[in-house]
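The structure appears right after this line, and notes come after that.
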There are 2 protein chains.
Amino acid sequence: MNEVLKKYLKNKISLNEEQLEYWGSLLTLRDLNKNDFLLREGDISKHTAFVTKGCLRLYSIDLKGKEHILQFAPEEWWIGDMESFSKNTPSSYFIDAIEDSEVLLMDLPAQETLFRQIPEAVAFFQQLMQNRQVATQKRIIFSMSASAEQRYLDFIKTYPSFTQRVPQHMIASYLGITPESLSRIRKQVITKK
Amino acid sequence: MNEVLKKYLKNKISLNEEQLEYWGSLLTLRDLNKNDFLLREGDISKHTAFVTKGCLRLYSIDLKGKEHILQFAPEEWWIGDMESFSKNTPSSYFIDAIEDSEVLLMDLPAQETLFRQIPEAVAFFQQLMQNRQVATQKRIIFSMSASAEQRYLDFIKTYPSFTQRVPQHMIASYLGITPESLSRIRKQVITKK
DNA sequence: GATATGCATTGATATAGGGTAAGAAATGCA
DNA sequence: TGCATTTCTTACCCTATATCAATGCATATC
């Protein structure tokens, strides 16, 4: 069984060795090169992914061709378009790898099996979803009440590890500002110190 | 049993008469006058509310004292601070009535009982939560990619009924703009026609 | 019926962040 | 090692929206 998943699950949910193995057996490994897509707009998402190596991103592209990043997913994060996945509808999002990566994929039948065989997993995913919702709501509030500089400082404080590995223009896209603005903000922040 | 809830549930989930009655019996009615609070920042949320009459709002107040509305909830909507409710932690939100209203309250024990007695309710609330998450994510994207005018036009198209009953400055707060800006935008939109 | 209160409008001015373009720096590639 | 590509920075000007202040209505209060 994959070691990253094992460590993660042991940490998060109390299961015996057999259950852990079973969970792992339901997922399939996929290697992704940098820039490889896991999902494109218009596709129907067939998987939810657990990242064991590297880093992916979830984003949409607006009418003017501009990318808007909703989520980064490094090791031990889940990523996917829940709506497309569970309703079998075309996605409006893209997911791709921003580094060479490795993911464990769970398809819908596997999820159903998992929920049937390991009922604890239901509450587990429910909790994940709730945490996501809480974070997303906070992001709305914060984007309405704080300046770009404050949001940037909050970002590097909340996700210090991302700041190292994610290119700056993607952080800008996540924050909802242009790369130029972020560059100016960083300059200000540095000279302020 | 409350008629609004009955109609709503019949529409959304297939249950027999007995189950409907049972569900209804777990909720308690509360009348709210306009401006009454259901939840204040710092409180621990003891209920999730189903609105049967009137309209409530969920919002936070930032450091500068500015309100940011996350959700309006007219008849047949659920409203609450899930995080505070399920984790028993102090809320960072306010919920109040913007009209004289009537809600059905579900506390945590009632929810647990409901989930035990009517297993279909679990998936039902999960679906609600997922829809909420999808909508919240779209709101982030939209606030990053569209102008205030586009967001306003989208709002009145998506929630035409709200536009009638919700004061303008609250719509502005939901859209993340000032009441003055909204007033100017409306003027523009009208003269454009 | 007079007055206070809250909400929407309007005008004048300020500002954060965007758009564009160019160059510098870093990174990948051959 | 050197060229190409991508990423980041800087400068200039511009626009959308905010801020502040005043005014007009409508509604509630006494």
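Treat the numbers as computed from the prediction; the structure is a model and nothing was measured.
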### Message
Working note: Lys46(B) + Phe85(B), criterion side-chain contact (heavy atoms from CB on, under 4.5 Å); need CA distance, chi angles, decisive distance, verdict.
### Response
CA-CA 6 Å; Lys46(B) 296 295 184 193; Phe85(B) 177 70; 5.9 Å; no
### Summary
Winner on side-chain proximity to Ser181(B), out of dT9(C), dG18(C), dA18(D), is dA18(D)
### Message
Are Trp78(A) and Phe125(A) an aromatic pair, judged by ring center distance below 6.0 Å?
### Response
yes
## Note on the structure
Rounded to whole Å, the CD-C1' distance (Gln188(A) to dG17(C)) equals 11 Å
### Message
Centroid separation under 6.0 Å, is that true for the rings of Tyr174(A) and Phe162(A)?
### Response
no
### Task
Test for a donor-acceptor pair under 3.5 Å between the base of dG17(C) and the side chain of Arg151(A), counting only N and O atoms.
no
### Euclidean distance, atom NE2 of residue His169(A) to atom P of dG18(C) [Å, nearest integer]
15 Å
### Query
Among the nucleotides dT17(D), dT9(C), dG18(C), which one has an atom lying closest to any side-chain atom of Ser147(B)?
dT17(D)
### Task
Could you check how far CD of Glu180(B) sits from P of dA12(C), rounded to whole Å?
15 Å
### Query
Starting at CD1 of Ile185(B) and ending at P of dA16(D), how long is that distance when rounded to a whole Å?
11 Å
### Task
Just call it for Thr178(A): base, sugar-phosphate, or nothing, with non-hydrogen atoms closer than 4.0 Å on any strand.
sugar-phosphate
### Message
Looking only at the aromatic ring of each residue, does the gap between the centers of Tyr159(A) and Phe72(A) stay below 6.0 angstrom?
### Response
no
### Task
Go through dT19(D), dA8(C), dG18(C) for me and flag the one nearest to the Arg184(A) side chain.
dG18(C)
### Atom pair distance, as rounded to whole Å: NZ in Lys64(B) and C1' in dA16(C)
12 Å
### Message
Could you tell me how far apart Arg186(A) (CZ) and dC8(D) (C1') are, to the nearest whole angstrom?
### Response
9 Å
### Query
What nucleotide, of dC8(D), dT9(C), dT17(D), holds the atom closest to the side chain of Pro167(A)?
dC8(D)
### Query
For the side chain of Lys187(B), counting heavy atoms from C-beta on, which of dT19(D), dG11(C), dT17(D) is nearest?
dG11(C)
### Query
Would you call Glu17(B)-Lys6(B) a salt bridge at under 4.0 Å N-O?
yes
### Query
dT27(D) P sits how many Å from Gln168(B) CD, rounded?
14 Å
### Query
How long is the line joining NZ of Lys34(B) and P of dA28(D), in whole Å?
7 Å
